[in-house]
Amino acid sequence: MQNGHAAEAAPLNPGIVFDMVQAVQRTAALKAAIDLDIFRAVGEGPGDVASIARHAKASERGIRILCDFLVINSVLAKEGNRYKHTPSSAAFLDPASPACMASVAQFMTRPELIEGLTGLADVVRAGRTQMPGEGSVEPENPLWVEFAEKMAPMMGPMAPPLGAIVLEGHAGPMRVLDIAAGHGLFGIEIAKQNKEAHVTGLDWAPVLRVALKNAERAGVRARYDMLPGSAFEVDFGGPYDAVLLTNFLHHFDKPTCVGLLNKVRKALKPGGRAATLEFVPNEDRVSPPMPAGFAMTMLTTTAAGDAYTFNELRAMHEEAGFTGVTEHPIPMSPHTVVMGIA
């Protein structure tokens, strides 16, 4: 026996099968708790079933079972007959917390984003989303207005490190183009870190209105312009010192990405920087779990998108004419900044 202990190996356990089958319950329970405002009720106290049910305008039986399920899954805690926050739910699910991510969960559980999972076999057979047209990137898709409004709590913490990477060794006046700006937080961060930076946000007009509001709140509205339209169709203008491509390339196939990157390079000054923020899995494409698993989201919501490895992204940048392509993982995040020099 090569192992010497093969006979003592742990017995097979079908638990992984049941965990995957019932995972949909955890998603539904979290969404229901957010919709019913349960985390606010727990935070305000006293945390008994009756008070939570009154706050949520729901049945006591339903509240008891839902809250117990949240405790079972380590989302809430329970002492006697009262529910209370865990440190994580207090930080990320109670609306009273500035780090609350409830809006992120609401966006990510939108029906159009999860319907593809119910017919995943058909999606796999086709090799593309079953959503109409180009899926989530269909022109003028109203989905992206809600993305801009609700995903800031998840994306915001990544803006300062991205800004520092883009601005490293660069001071003074500069022009920045933020492609697929969405909420605008990445370009706005550049303007906050460099008081002489002027940022142009490119996205669909209704989305840019969200970015503009965020620029006003951040006090950089005077240095923030809007360029409405499709990144594949509008004239970028320029030349720019830096171009941001945040969470955008993964929606498209490699030739489309190369074409866009080539357009970006031509809009940059010689030596200008293109900063691409992406979910970048390891070369084995199965680790780390979150960036690698993001490929499934692209399969169900786009016609040809993917989670690209660094070597794939580097090859795309080099084919588009960029040099010195480097990767900069963002700590405590599933994201990586890929930087190319024009």
Side-chain angles (χ1 to χ4, degrees), residues 10-11 13-115 117-118 146-160 183 185 214 217 288-291 293-294 296-297 330-335:
N13 185 340
I16 188 172
V17 176
F18 289 103
D19 284 346
M20 293 190 73
V21 168
Q22 294 183 316
V24 64
Q25 291 185 346
R26 294 198 291 274
T27 302
L30 180 61
K31 184 178 187 306
I34 292 170
D35 290 345
L36 293 165
D37 206 27
I38 282 175
F39 297 108
R40 187 194 308 274
V42 169
E44 292 176 350
D48 61 291
V49 168
S51 66
I52 297 173
R54 284 194 300 272
H55 180 93
K57 297 180 174 59
S59 72
E60 291 189 13
R61 175 176 180 267
I63 290 296
R64 173 182 58 80
I65 292 173
L66 176 58
C67 287
D68 282 347
F69 187 82
L70 295 172
V71 173
I72 292 166
N73 286 278
S74 303
V75 180
L76 288 177
K78 189 176 185 180
E79 291 183 354
N81 291 320
R82 296 182 185 272
Y83 301 95
K84 66 175 188 176
H85 279 309
T86 64
S88 293
S89 65
F92 302 123
L93 290 169
D94 190 330
S97 167
C100 181
M101 296 181 66
S103 66
V104 174
Q106 287 176 317
F107 175 81
M108 295 178 71
T109 54
R110 281 177 62 104
E112 59 266 50
L113 295 180
I114 61 176
E115 282 172 0
L117 296 171
T118 61
E146 186 166 349
F147 175 90
E149 292 172 340
K150 293 190 173 181
M151 291 295 282
M154 180 176 177
M155 294 295 131
M158 280 167 267
H183 39 66
L185 297 184
N214 288 332
R217 293 190 190 101
M290 190 169 178
F294 187 73
M296 179 62 75
T297 301
I330 294 182
M332 304 296 291
S333 161
H335 282 82

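All residue numbers refer to positions in the sequence shown, counting from 1.
- The CZ atom of Arg54 sits 11.5 Å away from atom CD1 of Ile63, with the distance rounded to the nearest 0.5 Å.
- The two residues Asn214 and His183 have their closest heavy-atom pair at ND2-O, 2.8 Å.
- If you take CG on Asp35 and CG on Leu30, they are separated by 9.5 Å, rounding to the nearest 0.5 Å.
- Taking both residues in full, the closest heavy atoms of Gly62 and Ser59 are given as N-OG, 2.9 Å, listed atom of the first, atom of the second, then distance.
- Minimum interatomic distance between Ala90 and Ser97 (heavy atoms only, all atoms of both residues): O-CB, 3.3 Å.
- Under the 4.5 Å side-chain criterion, counting only non-hydrogen atoms from C-beta, Asp37 is in contact with Pro95.
- The side-chain heavy atoms of Leu185 and Met158, taken from C-beta on, include no pair separated by under 4.5 Å.
- Atoms OG and CE, from Ser103 and Met108 in turn, are 11.5 Å apart once rounded to the nearest 0.5 Å.
- Counting heavy-atom neighbours within 6.0 Å of Asp19 CG, excluding the residue itself, gives a total above 12.
- A heavy-atom distance below 4.5 Å is not found between the side chains of Val42 and Asp94.
- No option in Asp48, Ile38, Ile52 other than Ile52 meets the side-chain contact (heavy atoms from CB on, under 4.5 Å) test with Tyr83.
- Between the side chain of Ser89 and the backbone N or O of Val75, at least one donor-acceptor pair lies under 3.5 Å.
- In this structure, CD1 on Ile65 lies 12.0 Å from CG on Leu70, to the nearest 0.5 angstrom.
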* **Worked verdict on Leu76 versus Phe39 for side chain to side chain contact (heavy atoms under 4.5 Å, CB included)** => CA-CA 9 Å; Leu76 288 177; Phe39 297 108; 3.9 Å; yes
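- To the nearest 0.5 Å, the span separating NZ on Lys84 from NZ on Lys78 amounts to 13.5 Å.
- Of the inter-residue distances, the one linking His55 atom NE2 with Arg40 atom CZ reads 6.0 Å to the nearest 0.5 angstrom.
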TODO: Kindly determine whether Leu66 and Leu36 satisfy side chain to side chain contact (heavy atoms under 4.5 Å, CB included), including the steps that lead there.
DONE: CA-CA 11 Å; Leu66 176 58; Leu36 293 165; 4.1 Å; yes
